[in-house]
Amino acid sequence: MRKNSAYKIFQKKQKGFTLVELLVAITIIGILTTASFWGYGERQRELKLQKETNILVSKSEEIREKALSGKYFCPNGPRGGIFPAGGYGIHFDPSQRTRYIVFADCNNNGAYDSSGLPCDNTCPETIEIVRLESGISLVASANTHITFNPPSPIVSTVRIIGASSTRIEISDTAKFKTIYFNSAGLIYAR
C-alpha cells in the first residue's frame, strides 16, 4: 500500500506549464529577439561609418609618410620612379560625395589636376580613387585639396587651399564623423 500512495504523491507533484505561462515566455523571447535585431542593424551602420573614417585617416597618414620619406611613385617612369614636386595629397570634390582621390602633386600647385596630364610625361597625378561603401558619403564645403609637402629645409606642413586647417565629414543617414587636418600635419577623427 505504501508504494501506491508514494507513487500517487509523486504523480501529483509533476505538473506542466499552463498555456498562459507558455504564452508569456514566448512573448518575452520575441521581444528580446526583436530588440537584439533592431540594435544589430544600428550597430552595423555605426561600424561601417567607423570603418570608412579609419580608412580615410589611414590613407591620409600613408600619403603624409610618403611625402615625408621621399617615396617615389610611378615605378615605370624615367629614373625608376618620380618624386612629385608638390608632394602627395587627397582631393575631395563636393559633387562626388562617394569617393575621394589620392594624388601626386607633380606641378607643385597644391591641387589635384583632373585634366589627366601625366607627371613627367609618363604617369597621371591620380594614384588611387577610393570609393566609399554604400550609404556612406563625404561632406566637403568646396573643392578641398590637402597636400603633404616633402621635408626640404623647412618642416613639412599640410597645405590646404584657402585655409590653415580644414575638416571633412563622413556621414550615413543619421550620424557623422569628422576628420580634422591642421597646418602642422596632424590628422585626427572625432
Side-chain angles (χ1 to χ4, degrees), residues 46-94 96-120 122-172 176-190:
E46 286 178 20
L47 288 174
K48 193 176 357 176
L49 181 61
Q50 185 64 45
K51 175 185 164 192
E52 290 299 329
T53 303
N54 291 344
I55 289 172
L56 176 54
V57 169
S58 175
K59 289 284 183 196
S60 301
E61 290 172 348
E62 179 185 324
I63 63 166
R64 179 184 64 196
E65 293 305 314
K66 278 184 177 183
L68 293 175
S69 64
K71 293 278 185 189
Y72 285 1
F73 86 108
C74 189
N76 298 332
R79 300 177 307 278
I82 303 167
F83 185 80
Y88 293 93
I90 298 181
H91 168 69
F92 301 97
D93 185 348
Q96 299 290 325
R97 298 177 55 130
T98 58
R99 69 179 176 92
Y100 53 93
I101 299 171
V102 177
F103 68 96
D105 185 17
C106 294
N107 58 2
N108 200 16
N109 67 349
Y112 172 69
D113 297 317
S114 59
S115 62
L117 294 173
C119 296
D120 209 11
T122 50
C123 296
E125 276 197 354
T126 304
I127 295 173
E128 181 181 6
I129 297 173
V130 181
R131 300 192 186 286
L132 302 175
E133 283 191 36
S134 66
I136 305 292
S137 62
L138 292 166
V139 179
S141 57
N143 271 344
T144 305
H145 311 275
I146 300 170
T147 57
F148 297 91
N149 299 312
S152 38
I154 56 169
V155 175
S156 77
T157 61
V158 176
R159 260 195 309 182
I160 302 162
I161 304 302
S164 62
S165 67
T166 194
R167 68 181 190 188
I168 301 295
E169 291 180 355
I170 295 182
S171 68
D172 65 1
F176 69 93
K177 296 273 186 181
T178 305
I179 296 106
Y180 295 91
F181 301 88
N182 74 10
S183 58
L186 181 64
I187 306 163
Y188 60 97
R190 285 192 188 175

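- Smallest separation of non-hydrogen atoms from I179 and A189: CG1-CB, 4.0 Å.
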Please test S171 against V139 for side-chain contact (heavy atoms from CB on, under 4.5 Å), starting from the C-alpha separation and ending with a verdict. CA-CA 8 Å; S171 68; V139 179; 4.2 Å; yes

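- Using cut-offs of 30° and 60° for the angle between ring planes, the Y180 and Y188 rings count as parallel.
- Remark: F92 CZ to H145 NE2 distance equals 11.0 Å, nearest 0.5 Å.
- Judged as a side-chain hydrogen bond (donor to acceptor under 3.5 Å, both in side chains), and not counting sequence neighbours, E169 has no contacts.
- Nearest heavy-atom pair across N149 and G86 is OD1-O, 3.1 Å.
- Side-chain contact between P94 and N143 is present, with heavy atoms from C-beta onward closer than 4.5 Å.
- Centroid-to-centroid, the aromatic rings of F148 and Y88 stay 6.0 Å apart or farther.
- Separating the CG atom in N182 from the CZ atom in R167 is a distance of 14.5 Å, to the nearest 0.5 Å.
- Exactly one residue among D93, D105, T126 makes a side-chain hydrogen bond (donor to acceptor under 3.5 Å, both in side chains) with Y112. That residue is T126.
- Using a 4.5 Å cut-off on side-chain heavy atoms (C-beta onward), F73 and C106 make contact.
- The two residues T166 and I146 have their closest heavy-atom pair at CG2-CD1, 3.9 Å.
- With rounding to the nearest 0.5 Å, the separation of CG in L132 from OG1 in T98 is 6.5 Å.
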side-chain contact (heavy atoms from CB on, under 4.5 Å) between D172 and E52, worked out: CA-CA 10 Å; D172 65 1; E52 290 299 329; over 6 Å; no

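- Summarising the geometry, atom CD1 belonging to I63 is positioned 4.0 Å from atom CD1 belonging to I90; distances are rounded to the nearest 0.5 Å.
- If you take CD1 on I127 and NZ on K66, they are separated by 5.0 Å, rounding to the nearest 0.5 Å.
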What verdict does the side-chain contact (heavy atoms from CB on, under 4.5 Å) test give for K51 and I55, after you've listed the backbone C-alpha separation in whole Å, the side-chain angles of each residue and the deciding distance to 0.1 Å? CA-CA 6 Å; K51 175 185 164 192; I55 289 172; 4.1 Å; yes

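- Heavy atoms of other residues, nucleotides or ligands lying less than 6.0 angstrom from NZ of K71 number 12 at most.
- Taking CD1 from I170 and CG from L56, the interatomic distance works out to 4.5 Å, rounded to the nearest 0.5 Å.
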